[in-house]
Amino acid sequence: MPDTGITDILVSEDQIKEIVKRLGAEVTEHYRNTERELVVIGLLRGSFVFMADLVREIKLPMVMDFMTVSSYGDGTVSSGDVKIIMDLDTSIEGRDVLLVEDIVDTGNTFSKVIRMLQNRNPNSLKICTFLNKPECRTADVEIDFCGMDIPNEFVVGYGLDYAQLYRNLPYIGIKGQ
Ligand code: 5GP
C-alpha cells in the first residue's frame, strides 16, 4: 500500500455512517412540520461527500444548491480571508435553509457566509457541520446540528483535503506533518 501520510484514523467508515444517520434523523425531526421544501446548501468543495450522504438520510422534500468560498488555499494555516467564488442559483428569501459544512475550525469562513446568507432574508437558517473543532474557534458560530467534536488536529478524508488530495478517503484521518 502506498504511504498515505495518515498517522491515525480519527473517524472510521462505520462511525461516519452512524453519525450521518443520526444527523439525518435530527434534521428530519426538526423540519417535520415545515410547509415549503427545505433548501440545503453545501459549501464546496469540502462538504460534497458529507452532503451526498446526509441528504439521503433526510426524509423530507428539498432542493439543493452549492456555493464556493475561498478558505485556506493549499496549506494548513487559515488566512482569515473569505471570498465568494461561486454563488447560489437559488433565491433563499423566505425559505428554510440548511447550510452544510465539512468542518468548522476558527469559524471565520462560516460566520461570514452566514452573515451574507442572512442578509438575503431566509425564513430560517440552520447550520449542520460534520466535524467541529471547538478549541480553534475565534468567530461566533452557532451550530445547530453537529456530527462530532474533534481535537485541534489537521484532518483529511471524507471530502476534506490537503493540497486537494485525500478527499476520496472513506474515513477521517489525521495528516502527519
Ligand atoms: P474555518 O474558517 O472554520 O477556520 O475553516 C474553514 C475551512 O477550513 C473548512 O471548511 C475547511 O475547508 C478548512 N479546514 C479547517 N480545518 C481543517 C482540517 O483539519 N482539515 C482540512 N482538510 N481542512 C480544514
Side-chain angles (χ1 to χ4, degrees), residues 2-13 15-17 19-20 23-24 27 39-55 64-88 92 97-120 125-177:
D3 178 15
T4 57
I6 306 297
T7 52
D8 250 317
I9 293 182
L10 194 62
V11 195
S12 70
E13 278 189 77
Q15 280 175 297
I16 288 175
K17 278 196 191 115
I19 291 169
V20 173
L23 287 174
V27 170
V39 182
V40 182
I41 295 174
L43 287 188
L44 294 174
R45 293 172 215 168
S47 69
F48 82 102
V49 180
F50 169 48
M51 182 152 151
D53 285 346
L54 179 69
V55 291
M64 283 161 244
D65 205 345
F66 295 92
M67 81 195 286
T68 310
V69 298
S70 63
S71 61
Y72 283 17
D74 282 350
T76 54
V77 183
S78 175
S79 65
D81 277 342
V82 175
K83 215 169 55 188
I84 304 291
I85 293 168
M86 185 192 77
D87 207 341
L88 303 173
I92 60 167
V97 176
L98 180 68
L99 187 56
V100 176
E101 176 65 307
D102 49 2
I103 188 165
V104 181
D105 184 2
T106 64
N108 284 331
T109 320
F110 223 33
S111 61
K112 286 174 188 155
V113 174
I114 290 164
R115 212 176 316 140
M116 201 199 67
L117 293 179
Q118 250 149 6
N119 285 339
R120 299 180 187 186
L125 177 61
K126 298 280 177 195
I127 311 304
C128 179
T129 183
F130 183 66
L131 297 176
N132 179 35
K133 285 186 189 171
E135 283 169 44
C136 305
R137 195 75 87 256
T138 54
D140 198 18
V141 176
E142 203 180 307
I143 296 169
D144 301 286
F145 307 99
C146 178
M148 190 177 168
D149 283 351
I150 62 164
N152 185 12
E153 299 275 7
F154 190 80
V155 292
V156 294
Y158 199 56
L160 286 157
D161 77 307
Y162 174 73
Q164 300 306 328
L165 292 168
Y166 303 101
R167 292 193 197 275
N168 60 322
L169 293 181
Y171 54 83
I172 298 281
I174 296 176
K175 171 87 179 75
Q177 294 304 308

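Because only heavy atoms are used, hydrogens play no part in the values below, and waters and symmetry mates are left out as well, while side chains stay in. Counting starts at 1 for both ligands and their atoms, following the listed order. For reference, positions follow the sequence shown, starting with 1.
- Note that CD of Gln118 and OG of Ser111 are 10.5 Å apart. Values are rounded to the nearest 0.5 Å.
- For Arg137, the heavy-atom gap to ligand 1 stays at 4.0 angstrom or more.
- Every atom of ligand 1 is numbered from 1 in the order shown, and the set under 4.0 Å from a heavy atom of Asp161 is 21 (C), 22 (N).
- Which parts of ligand 1 touch Glu101 is read off a 4.0 Å heavy-atom cut-off, strictly below it: atoms 10 (O).
- Taking each of Val141, Val104, Ile103 in turn, the one with a heavy atom nearest to atom 9 (C) of ligand 1 proves to be Ile103.
- Within the listing of ligand 1, atoms 18 (C), 19 (O), 20 (N), 21 (C), 22 (N) sit less than 4.0 angstrom from a heavy atom of Val155.
- Checking Ile172, Asn132, Val155 one by one against Ile103, the side-chain contact (heavy atoms from CB on, under 4.5 Å) holds for a single residue, Val155.
- Checked for salt-bridge contact, Asp102 and Arg167 miss the test: no charged N lies under 4.0 Å from a carboxylate O.
- The structure places CD1 of Ile174 at 8.0 Å from CD1 of Ile150, a figure rounded to the nearest 0.5 Å.
- Proximity of Glu153 to ligand 1, defined as any heavy-atom pair under 4.0 Å, is confined to the backbone N, CA, C and O atoms.
- At a 4.0 Å cut-off, at least one heavy atom of Gly107 sits close enough to ligand 1 to count as contact.
- For ligand 1, the atoms closer than 4.0 angstrom to any heavy atom of Asp105 are 1 (P), 3 (O), 4 (O), 5 (O), 15 (C), 16 (N).
- Considering Lys133, Arg45, Lys112, Arg167 only, the shortest heavy-atom separation from atom 19 (O) of ligand 1 involves Lys133.
- Annotation for Leu23 and Thr129: closest pair CD1-O, 4.4 Å, computed over non-hydrogen atoms.
- Judged as a salt bridge (charged side-chain N to carboxylate O under 4.0 Å, His left out), the pairs with a partner in residues 135-158 (not counting sequence neighbours) are, in order, Lys126-Asp144.
- Checked against ring-ring contact (aromatic ring centres under 6.0 Å, His included), Phe145 has the following partners two or more places apart in sequence or in another chain: His30.
- Within the structure, the closest approach of Phe154 to ligand 1 falls below 4.0 Å when heavy atoms are considered.
- Using a 30° and 60° split on the angle between ring planes, Phe130 and Phe50 fall in the tilted class, from 30° to 60°.
- Residue-level proximity to ligand 1 for Leu43 is absent, since no heavy atom of it falls below 4.0 angstrom.
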